[in-house]
Structures are given as structure tokens and as C-alpha cells.
There are 2 protein chains.
Amino acid sequence: MNLEAIYHRTGQAWCYMYDKDTVHIRVRTKRGDMDAVDVFAGDKYDFERTLRQIEMRILATDALFDYWQAEVTTPHRRLQYYFRFTSGAITVYMTETGFADEPPSGVTGVFEYPYLHESDCLQPPEWAKHAVFYQIFPERFANGDPSNDPEGVLPWGGKPEPFNFFGGDLQGVIDHLDHLSELGVNAIYLTPIFEATTNHKYDTSDYMKIDPHFGDTETLRRLVNLAHERGIRVLLDAVFNHSGGRFAPFLDVVEKGEASPYKDWFHVLEFPLRVENGRPTYRAFAFEPHMPKLNTQHPQVKAYLLDVARYWIEEVGIDGWRLDVANEIDHQFWRDFRQVVKAVKPDAYILGEIWHDSMRWLQGDQFDAVMNYPFTNAVLDFFAHRKIDAVQFSHRISTLIATYPQQVHEVAFNLLDSHDTPRLLTLMHGDKRRMKLAALFQLTFLGTPCIYYGDEIGLDGGADPDCRKCMEWEPDRQDRDLFDFYRTAISLRHRHAALRTGSFRFLQADSDSGLIAYERADEQSRFLVALNASDQAATLQLPADDMAGAELLYSSSAADGTPASGTAGTIALEPYAYRIWKKG
Amino acid sequence: MNLEAIYHRTGQAWCYMYDKDTVHIRVRTKRGDMDAVDVFAGDKYDFERTLRQIEMRILATDALFDYWQAEVTTPHRRLQYYFRFTSGAITVYMTETGFADEPPSGVTGVFEYPYLHESDCLQPPEWAKHAVFYQIFPERFANGDPSNDPEGVLPWGGKPEPFNFFGGDLQGVIDHLDHLSELGVNAIYLTPIFEATTNHKYDTSDYMKIDPHFGDTETLRRLVNLAHERGIRVLLDAVFNHSGGRFAPFLDVVEKGEASPYKDWFHVLEFPLRVENGRPTYRAFAFEPHMPKLNTQHPQVKAYLLDVARYWIEEVGIDGWRLDVANEIDHQFWRDFRQVVKAVKPDAYILGEIWHDSMRWLQGDQFDAVMNYPFTNAVLDFFAHRKIDAVQFSHRISTLIATYPQQVHEVAFNLLDSHDTPRLLTLMHGDKRRMKLAALFQLTFLGTPCIYYGDEIGLDGGADPDCRKCMEWEPDRQDRDLFDFYRTAISLRHRHAALRTGSFRFLQADSDSGLIAYERADEQSRFLVALNASDQAATLQLPADDMAGAELLYSSSAADGTPASGTAGTIALEPYAYRIWKKG
């Protein structure tokens with residue numbers, strides 16, 4: 001038994017409250033090392049009499065570890081527990097104090113989840129579990145109102161440069177809501193729309209004003225209302241880490257230096273504010289002088305930004321906030337932010353931009369979700385960059401599953417590209433077949449998928465600014481095959497709850513062929529998805545009874561039908577094939 | 001290389017902010033597996049140019065693992081990092097994505113501590129690092145005012161029973177402040193003093209009123225002022241998990257049932273409130289009907305209790321709160337509690353009662369410290385129960401060191417007994433020699449030691465209620481040798497900063513002899529402590545130059561002098577010996 005491999009600590013994803021009555025307990029062991037793992041749990045104040053043995057099952061397996069999970073309910077909302085590991089004839093017990101050959105004689109030193117309080121439980125809004133998002137970069141989506149175009153606007157469809165403008169605006173989004181409805185998305189995330197000098201608007205001048213080139217408060221209100229009528233939610237981008245260089249308080253500090261009443265609104269290293277050797281004498285986002293970092297620990301700054309957060313929910317009814325550079329702002333700010341936002345809209349979706357491990361923001365007191373870049377990276381490393389094979393991919397996804405509590409995965413914002421990355425089609429070197437596989441994985445996985453505007457009609461583009469091309473509205477120049485693919489996949493997801501909130505389990509991963517197969521299942525039904533990510537034919541091998549009565553819902557090959565009931569579960573898959581079967 | 005043994009995850013004690021410029025990074029590896037571990041750290045937005053290699057050192061070693069630590073400063077307050085492990089000719093790199101043979105080519109997937117904000121840093125009050133606490137159970141400490149004795153009060157010194165009274169009060173504490181000053185303690189923790197029906201007062205009837213048998217607000221104010229004049233801080237006990245059965249809102253719910261405006265102040269399972277088969281029909285502390293659990297998630301309850309917390313700080317100037325049953329109250333309550341308390345007294349000490357792993361309360365947003373029962377259990381298992389040998393003890397302490405951030409250890413409330421446990425002398429089967437060793441370990445270890453009233457003069461007692469005996473004030477019946485021992489040890493701790501805040505390192509631990517030796521060191525000086533916990537002679541073996549010039553500060557043997565400078569560092573220690581040497 002490899003004791004060194006075992007890890008458990010109450011908290012994080014190892015022992016957390018899933019809902020008001022349920023705690024999930026997990027432990028990791030060396031892969032293949034254990035025949036069984038059991039957790040023994042009871043009430044702190046009546047341990048002997050309430051002690052129950054719960055068999056753990058393997059939630060996920062990666063290259064090194066098995067991750068075991070048990071769901072434990074508790075009538076008195078208190079939980080103490082210890083583990084038993086069994087490997088052949090060897091049995092070892094684990095408490096907080098360490099390993100022992102015997103179970104603990106009392107409750108001293110056992111693990112404890114002391115009390116289940118709903119106020120401590122991460123409970124993201126229910127709707128986010130069922131949402132398919134669509135990200136819009138407003139300057140490039142559609143120009144619905146030429147009267148508000150910026151000076152020097154270029155003809156629609158030109159080459160995007162860091163500082164050019166094409167006239168996209170909120171009216172343009174309103175004009176194309178039919179497109180979104182047809183695609184089937186039910187949530188929009190708009191990159192920033194408040195007054196700013198750039199085309200991306202991540203340099204806010206006025207948080208209380210819609211950028212005049214995009215419209216005004218009334219336009220936004222109309223957009224939100226019309227979207228809501230279609231069942232589409234709207235998320236705005238909160239750029240609270242830094243302001244823009246034209247933000248009035250910043251201009252005041254630039255002008256008055258230490259005499260400015262706003263001097264503590266920023267992180268000034270040296271007055272007067274200036275740029276020396278390319279570096280500002282104040283803290284800034286990524287050393288960018290035009291993006292001075294806001295001092296979110298300052299009570300006035302915090303009050304101002306929390307007002308902003310509240311205002312746009314109350315004023316126009318948005319459904320949540322995407323938080324830019326979220327992890328460079330203090331946790332205390334986000335705790336207060338959550339209180340303010342949830343007070344005015346309990347089901348608001350609070351989505352942080354974090355590219356790395358985000359556990360510290362996902363414990364119930366801060367965010368509902370983060371942009372799930374570890375998911376993005378795994379999918380791209382496999383389907384696009386081919387840096388990892390199917391087995392390694394299944395390991396990366398399995399590690400990710402074990403990394404977070406279940407409810408985190410249920411609303412994780414799963415994107416494959418964005419205004420910050422090259423576009424999916426370009427990452428696939430233009431190969432639509434591979435793009436479809438990646439998208440299908442995204443749309444049949446746990447979480448809240450997001451499609452970057454234009455991907456669905458074949459827009460391509462390299463790194464910023466090339467990934468910010470104007471949306472193609474000319475039907476002849478749209479890839480309608482791709483659009484139909486997205487529409488069908490999204491519709492399947494909407495139609496079948498198990499594809500959204502069912503459990504996820506890998507069934508097969510072939511390092512040779514590039515084939516992966518997995519199951520999504522809930523109490524009503526089971527789905528089987530097979531994706532062949534290689535240019536070679538592959539063979540799906542499943543127990544015959546696993547395929548009995550399976551109905552083929554979606555396939556890359558028109559010729560392929562439902563496998564005959566009762567035949568052996570060996571199914572040939574053409575290169576870049578995808579299949580979705582439904583069982584029961 | 002045992003990759004499975006390696007563990008790191010940003011957050012908790014693995015990567016945390018120590019102060020505004022410094023992050024501590026730790027990683028665990030299989031014991032003895034690595035020749036070297038390095039961390040490579042740089043600024044997120046200028047990674048290549050700022051990348052630095054920092055050699056990690058072993059912070060602690062237990063039975064299974066080496067725990068490595070590096071202290072990393074960062075000029076731009078941002079940190080990204082990865083690890084390199086070296087074992088013989090093998091080199092492995094680790095990022096958030098896993099292990100690799102090569103260092104990462106960019107910042108994708110590396111570990112990240114995104115920004116250092118002071119508002120997120122756990123910064124306990126400075127004074128707590130230098131405090132020696134004294135815990136007083138007021139009903140049993142001294143009767144200073146017989147006029148406020150409860151009815152049926154028994155003569156001082158009688159046998160403690162669950163429901164009897166001896167007349168101790170706040171005036172009694174005031175009367176004996178000289179005793180505390182002589183002993184050398186500089187902080188008092190009083191178990192509850194608000195109006196309640198029991199002798200222990202953990203069943204509050206009125207949070208705004210001092211129990212009339214203990215005195216009144218004026219008595220408490222006088223006690224606090226007089227203590228402050230002596231440099232002694234005062235901590236009160238906040239019993240917020242549950243009220244007493246005579247708390248007015250609870251009585252109202254008992255009387256009016258669902259019609260009571262206070263019905264949601266508690267967790268009622270079924271009206272009317274009653275006890276069935278020994279279990280109340282409402283949630284209660286440990287199923288105790290007389291201690292109904294308060295609904296701390298209810299806005300009115302929270303507002304009321306936070307008022308209480310603020311009131312006693314503002315009204316009489318107490319220096320902090322000890323929080324009863326702290327981990328059965330929601331985190332959100334404690335976050336608000338911290339805000340309220342620190343707003344009125346920034347250096348208040350917030351001390352939670354938690355008997356288990358407390359990491360989730362010690363991340364900067366809730367408590368400053370917890371009652372360090374894992375420390376207590378380790379010390380007792382070794383010195384008292386002899387369930388573990390010296391090597392196992394050193395492992396238990398080492399595991400504990402690795403479990404928490406450094407600042408947690410600096411103010412951890414290290415107790416060896418309390419009103420909830422048998423007394424130290426009794427746990428030692430009356431053997432004062434062993435008691436002294438345990439106390440000396442406590443008083444020369446990291447953290448904030450606390451002495452339970454009476455231990456210092458030889459009071460004994462088994463489990464509750466026997467551990468709540470009346471204090472012995474008759475000089476002839478006090479153990480003055482023990483008192484002198486405590487006084488000297490406390491005074492050494494006060495005199496030498498390294499014994500309080502210096503680093504801690506085991507130098508020797510003999511499973512045969514029961515000898516442990518360790519070093520406490522800061523930049524000014526080094527101390528060497530040797531304790532022989534067995535009834536056999538033991539031999540301390542240290543490099544000769546380690547003992548050169550060492551000055552013997554404290555010894556269990558009057559005959560023993562300073563070892564001659566330059567002799568070999570082999571020193572015989574009699575059974576139950578203790579020695580403290582100072583170097584430089």
C-alpha cells in the first residue's frame with residue numbers, strides 16, 4: 001500500500017457541502033493500489049450509535065491516482081468521519097492524526113465537517129446549469145446604428161488592428177437576436193460596453209455610462225428585455241481590477257498628484273504619475289500605463305464599484321457579471337461583491353476570469369463559476385495541438401473533475417476560445433472535422449459551454465487582434481454546415497438533461513487511435529458519446545449489453561445506423577467520427 | 001522518485017501570503033526521496049525576465065514526508081511559479097498541469113499566486129505572539145464578593161459537581177491580579193461571565209448583562225482596567241453557537257410556538273418545542289435541550305450577536321473574544337464578526353474553539369487563532385499517555401508545523417488542559433517531573449501558551465466537573481516549587497524573543513530514551529532545549545561546536561553546569577531532565 005500517495009483534507013474538493021443535507025467526501029490513492037475504500041461517518045455527539053460505513057466509489061482516475069468519492073447525508077447536519085483502505089489482506093485506517101492499523105477508539109483526531117450551513121454552501125444559480133452561452137465582442141458583432149459610429153470607422157469586414165473600429169454596437173446585437181435563437185443559445189456574455197477609448201473597452205472611462213458608440217442605457221435595457229423575452233440571459237463584463245487612463249479619478253491624480261482626493265484610489269509608487277523606462281510609477285494591469293490598477297481595498301473605491309455592480313442589475317436587469325482579471329482583486333472585495341449582487345438578484349451568475357486553479361474563489365463566498373481554462377487547455381492540447389493522446393486527455397479531464405466540487409463543474413464556464421485567444425477553427429488549422437469534435441466534447445460535457453461569436457459560422461482568426469474579426473452576416477459566406485452542426489448539438493443538450501447535469505464517466509480512451517468514449521447519465525437516461533479524434537479508423541468496444549437498445553441520436557456519418565440490438569458492442573468509427581447514442 | 005507522494009496546491013499552507021511582500025511556498029515529497037527541490041518564480045506579465053530560482057529547504061520531516069519551504073518576495077505583488085525536483089540524476093518539473101521532464105515553455109498551466117493584497121493576509125495581532133495566557137473559570141477562581149453569592153453556595157474548596165456553586169466572581173479575579181503578575185502571565189481568558197443558570201455559564205440568558213453572581217459591568221470594567229495597568233489583556237468567551245434555555249427569545253418560542261416573532265432565531269424541527277425520547281424537537285448543542293442552537297444565518301440573530309461582540313469591546317475595553325463551539329457556526333457569520341470586531345479594535349485577538357483541522361477558519365477572513373488541540377493531543381500522547389515515542393512525537397509536531405501557515409503557529413493557542421479536559425497533573429498521574437517537561441515544551445514552543453488556573457500551584461482533577469475545583473489560595477497548600485518552575489519558564493520566554501517567535505527545529509528525538517532536543521533561533525540568538533521524558537538516563541549528542549560557548553539558562557539539576565567550551569557535545573541527562581542553553 002502506498003501510504004504516501006493518499007491525500008485528504010477536509011475542505012476544498014476533498015470534503016465539501018453539496019447541498020443542505022449532503023457532504024461529498026473524496027480521497028486520493030495511488031492508482032490501482034486499493035481494492036476498496038470505505039468512509040465511516042457519524043454524528044459528533046452520538047458517534048458510536050450513528051456510525052455508518054459507506055463504500056466509496058472511484059470518481060475519476062488519472063495517470064497516478066484513483067479519486068474516490070462518497071455522498072454522505074447527515075440528519076443532524078454534523079459529520080465526523082475516518083477512512084478504511086483495503087488492499088488484498090492489508091487494512092489501514094486514516095484519521096486526521098495519520099494512519100493506524102485499528103479504527104479510532106473515540107472521536108479524538110478523526111476528520112470533521114462540523115456543521116452544514118446553507119449560507120456556506122456554494123449554490124450557483126440553477127439556470128446556469130442549463131445555459132449555453134454566446135460571447136459577443138460588441139464592436140465586431142454587428143453595426144445596428146451607423147449614427148453612433150466612431151470617427152474614422154472602417155468598412156465592415158476589414159482587417160482588425162489593435163486600434164481600429166468597425167462600428168459594432170448594441171443595436172447590432174438586438175438586430176441579430178434571431179440568429180442567437182436559431183442557434184439555440186440561451187445566454188449572452190458581452191465583453192465591456194461602458195465608456196472607454198479602445199475598441200475592446202477594457203479601459204473604462206465611466207462605469208455608469210454605456211459607451212456612446214455602442215448606444216445608451218436605453219439601448220441596453222431594450223436589448224436585455226428583448227433577450228429575456230426569448231429566454232436569453234445577459235451577462236456584462238465588470239472590469240474592476242483597473243480603470244482606463246481616462247477615468248476621472250485617475251485623471252485627477254495625474255493632474256494633482258498627492259493633493260488629489262483620489263490619490264489612494266490607485267496604487268501609486270511615486271508621484272508625479274509618469275512612465276519611466278516603459279514602466280508606470282503606479283501599479284497597472286500587466287504594466288500597461290493606460291490601465292491603472294484600482295485600489296479595491298479602499299472603502300470609497302469599493303463602495304463605488306459595488307454601486308456599479310448593483311446599478312446595472314437594478315437599472316436594466318442584467319443576469320450577472322463576468323469579472324475581468326478577477327484573481328488580481330482581493331478576496332474581501334469579492335466577498336462583499338457577492339453579498340451586494342445576490343441581495344438584489346439572488347440568481348445572478350458571478351463568473352470570474354481566472355486562468356489557473358480557482359478553488360479559493362469557489363468556496364461559496366465569492367464566485368459561482370470561473371472561465372474554465374484548464375478545461376480549454378486540455379481540450380485544445382488533445383483535439384487541436386495533439387500534444388497529448390486520448391489516454392492523457394482522459395487523465396487531464398479526470399484530474400480536473402477531482403480538482404473541484406461537483407457543483408463547480410455543473411456551472412463551469414467551458415470555453416474553447418475567446419477574444420483573448422486564437423479562434424477554434426484556426427487552432428484546428430482550418431480542419432472543421434476536428435473543430436466539431438472539440439465542440440461536441442464541450443457541448444456534451446458537464447458545465448456551462450460558451451461559444452465565441454462567429455465560430456458557429458466558420459469565422460477564423462489568430463491571436464488578438466485577429467480573433468476579433470467582424471462577424472460575417474452574408475449568408476453565402478457563412479458556413480451553414482457548421483451552423484447546423486452547432487444548432488443540432490446545442491439542441492441535443494437542451495433536450496436531454498443528462499447531457500447537462502448527468503454524471504460523466506470515461507468508457508474508453510485509446511492512445512493509438514485517438515478514440516474517446518464516455519457516458520453521461522442521470523436517473524432517467526444514459527448517453528454514450530464516442531469521438532474519434534484521429535485520421536485513422538477506430539473501434540469502439542463496449543460490452544454488448546451496453547449497446548443493446550441504444551438509439552443513435554447524432555452521427556458524423558449519414559450511412560451509420562443504430563447498432564442492431566444484441567450484437568457485440570464492437571463498432572467501427574471512421575476518421576473524425578462522432579456518435580451519440582441514447583439508452584433508456 | 002515517488003511522484004505520487006508529491007503534493008502542492010496554491011492556498012492553505014502550501015502557498016500563502018506571509019506579509020505584504022512575502023509568499024511562502026511549500027511542497028511535500030516522500031521522505032528522503034529528493035536531493036533538492038527548487039522553485040522557479042517570476043512575475044506573470046514579465047515571466048522570462050523576472051524568473052528566479054529559489055532553493056527550497058526542509059521545513060519539517062515526519063514519518064512519510066519531507067516538507068520543503070521557500071520564502072519568496074515579489075516586487076510587483078504577483079507571482080507565478082513551478083517546481084523542480086532533483087533526485088540523483090533524475091530531474092522532474094511540476095506545474096499545475098502535472099509533471100514533465102522539461103521546464104514549462106510559457107506561463108500556461110504554471111502555479112499562480114495572482115496578487116498580494118494586505119486585506120487577504122492573515123495578520124494576527126502582534127501582542128498575541130508575545131502573550132502567555134491564563135485561563136480562569138470564574139466560579140472557581142476566587143470569591144471576592146460574598147454579597148453576590150448564589151443561593152446555596154458551598155464552602156470554598158468543596159467537591160465540584162455539575163450543578164453546585166462556590167461563589168467565585170470577578171472581584172475574586174481583581175483581588176488576585178498580583179498572583180498573575182507574579183506568575184508572569186500577560187493575558188487572561190475568562191470562561192463565560194454573562195447571565196446564565198449554570199456554574200459554567202455556557203447557557204447564556206442575557207448576553208448584555210454580567211451574571212449577577214459574578215458582578216456587574218462596572219466590576220468587569222474595573223477588572224479590565226486594572227489588568228491593563230499591569231499589561232495584562234483580557235479575553236471573554238463568546239457563546240454564540242447556542243443560547244441558554246432561559247434566553248428571552250427562546251422562552252418566547254417555547255411559549256408562543258410558531259406565533260413567536262423569534263421562531264426563526266432557532267432551528268426548530270417541530271412545534272411545539274419539546275423533548276422526545278431525550279432529544280429536543282429543535283437543534284441544540286450536543287442534543288442538550290438547555291442549549292438551543294442559534295440560527296446565526298438569520299439577519300436579526302446575526303445583528304444581535306454582532307452588537308454583543310462590539311458592545312463589550314467598546315463598553316469595557318476587552319481585548320478579544322474566545323469563540324465557543326466556533327466551527328458549528330457558519331463561516332459567513334464569522335466573516336462579518338471579524339469585520340465588526342476589527343473595526344472597533346484592530347488588534348483584537350479572535351480565538352476559535354476548534355478541536356480539529358482549522359485551516360478553513362485561518363485564511364485571513366475569520367479567526368486569528370484556534371485552540372490548538374492537535375498540539376495538545378501530541379504533547380499529551382507523548383509526555384502523559386506514552387502512546388507515542390519521542391520520534392513519533394517529533395513527527396506529530398512536524399506534521400502540525402507543515403499543516404498551517406507560519407503566522408498561524410505564531411499565535412496558536414497552545415493549551416495542555418482546560419475546563420473541558422482532565423488537568424495536566426492528573427493526566428501525568430501526579431508526576432510533577434513529567435508535568436514540568438510538558439509545560440516546558442509548551443512554554444518554549446511556537447505560539448501563544450495558555451495555563452489553566454491552578455496548574456501552576458499543583459491543582460489536580462479528572463474530567464469535568466473534577467477539573468473545575470476551587471483555586472487553592474492557602475499558601476501552605478500551594479505547590480510553590482511548581483509555581484517557581486512556571487514563573488521561571490514564563491520569564492525565560494518573556495526575556496528571549498527567540499523562544500517566542502524564533503524558528504523551531506528538532507535536533508534529536510530518541511525512541512529508546514524518550515529524549516527530544518530542539519532549537520529555537522532568530523537572527524539575534526539560538527536556544528537549545530533538551531527534555532528527557534523517560535525514567536532512564538539519556539544522552540544528548542550534538543556536534544561539539546554546537547555546544548561551544550553555550551550558556552546553561554535553566555536546568556532540572558542544580559548540580560549541572562554549563563558544558564565546558566570545546567568539549568564534545570555529548571551530555572548526559574538524568575531521568576526527566578530538562579535543560580535550556582543559550583548560544584550567542
Side-chain angles (χ1 to χ4, degrees), chain A residues 2-5 7 9-12 30-31 44-46 62-65 76-78 80 96-99 108-112 114-115 117-120 267 283 285-287 296-297 325 327-333 335 354-357 359-360 363-365 373-374 377-378 395-396 399 403, chain B residues 2-5 7 9-12 30-31 44-46 62-65 76-78 80 96-99 108-112 114-115 117-120 267 283 285-288 296-297 325 327-333 335 354-357 359-360 363-365 373-374 377-378 395-396 399:
Chain A
N2 185 326
L3 297 183
E4 287 90 348
Y7 192 87
R9 184 171 197 180
T10 313
Q12 293 188 339
K30 181 178 162 68
R31 179 178 176 167
K44 178 175 188 171
Y45 300 110
D46 196 12
D62 62 18
L64 297 177
F65 303 109
H76 305 297
R77 307 206 158 188
R78 296 176 295 238
Q80 289 197 322
E96 231 178 55
T97 316
F99 297 102
T108 302
V110 300
F111 291 104
E112 182 178 40
Y115 209 90
H117 289 281
E118 285 190 74
S119 56
D120 289 334
H267 299 262
R283 299 202 189 276
F285 170 68
F287 301 115
T296 46
Q297 298 169 104
V325 198
N327 59 354
E328 296 186 24
I329 292 177
D330 55 308
H331 292 281
Q332 200 48 53
F333 179 88
R335 289 191 190 102
I354 300 184
W355 294 56
H356 297 261
D357 182 7
M359 193 66 254
R360 286 172 295 153
Q363 309 198 74
D365 56 332
Y373 281 102
N377 295 336
H395 290 164
R396 285 271 286 278
T399 308
T403 297
Chain B
N2 186 326
L3 297 183
E4 287 90 348
Y7 192 87
R9 184 171 197 179
T10 313
Q12 292 188 341
K30 180 178 162 69
R31 180 178 174 166
K44 178 175 189 171
Y45 300 110
D46 195 13
D62 63 19
L64 297 178
F65 304 108
H76 305 297
R77 307 205 158 189
R78 295 176 296 237
Q80 288 197 322
E96 233 178 53
T97 317
F99 297 102
T108 302
V110 299
F111 292 102
E112 180 178 41
Y115 209 90
H117 289 282
E118 285 190 74
S119 55
D120 289 334
H267 299 261
R283 299 201 189 277
F285 170 69
F287 301 114
E288 169 54 58
T296 47
Q297 299 168 103
V325 198
N327 60 353
E328 297 186 25
I329 292 177
D330 55 309
H331 292 280
Q332 199 50 53
F333 179 88
R335 289 191 191 103
I354 300 186
W355 293 58
H356 297 261
D357 182 6
M359 193 65 256
R360 286 172 295 153
Q363 308 198 73
D365 57 331
Y373 281 102
N377 295 337
H395 290 165
R396 285 272 287 275
T399 307

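Hydrogens, waters and symmetry mates play no part in the numbers below; they use all other heavy atoms, side chains included.
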Most chain A-contacting option - heavy-atom pairs closer than 4.5 Å, from [options]:
options: B/Thr108, B/Asn327, B/Leu3; answer: B/Asn327
options: B/Gly364, B/Gly109, B/Ala378, B/Ala286; answer: B/Ala286
options: B/Met359, B/His267, B/Arg9; answer: B/Arg9

With chain B as the partner, which of [options] has the greatest number of non-hydrogen pairs under 4.5 Å?
options: A/Asp120, A/Thr10, A/Asp62; result: A/Asp120
options: A/Arg335, A/Gln363, A/Arg396, A/Lys44; result: A/Arg335
options: A/Glu118, A/Lys30, A/Gln12; result: A/Gln12
options: A/Ile329, A/Val110, A/Leu64, A/Asp357; result: A/Asp357

Within the 3.5 Å criterion, strictly below it, is a donor on B/Gln332 or A/His117 matched to an acceptor on the partner's side chain?
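A/His117 and B/Gln332 do not have a side-chain donor-acceptor pair below 3.5 Å.
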For a 4.5 angstrom cut-off between non-hydrogen side-chain atoms, does [X] reach [Y]?
X: B/Arg77; Y: B/Pro114; answer: no
X: B/Phe65; Y: A/Glu4; answer: yes
X: A/Tyr45; Y: A/Arg78; answer: yes
X: A/Phe285; Y: A/Val325; answer: yes

Which region of [X], side chain (C-beta onward) or backbone (N, CA, C, O), has a non-hydrogen atom less than 4.5 Å from a non-hydrogen atom of chain A, or is it both or neither?
X: B/Arg31; result: neither
X: B/Glu96; result: side chain
X: B/Phe99; result: side chain
X: B/Asn377; result: side chain

Could you measure the distance from the CH2 atom of B/Trp355 to the CD atom of A/Gln80? Nearest 0.5 Å is fine.
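It comes to 11.5 Å.
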Distance, nearest 0.5 Å, that separates CD1 of A/Ile354 from CD of A/Glu328:
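Answer rounded to 0.5 Å: 10.0 Å.
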Would you say the rings of A/Phe287 and B/His76 are close, in the sense that their centroids are separated by under 6.0 Å?
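Yes - the distance between ring centres of B/His76 and A/Phe287 falls below the 6.0 Å cut-off.
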So for A/Asp330, is it side chain, backbone, both, or neither that comes closer than 4.5 Å to the heavy atoms of chain B?
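Both parts, backbone and side chain.
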Select one option (side chain, backbone, both, neither) describing which atoms of A/Thr399 are under 4.5 Å from chain B's heavy atoms.
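Contact with chain B: none, neither part.
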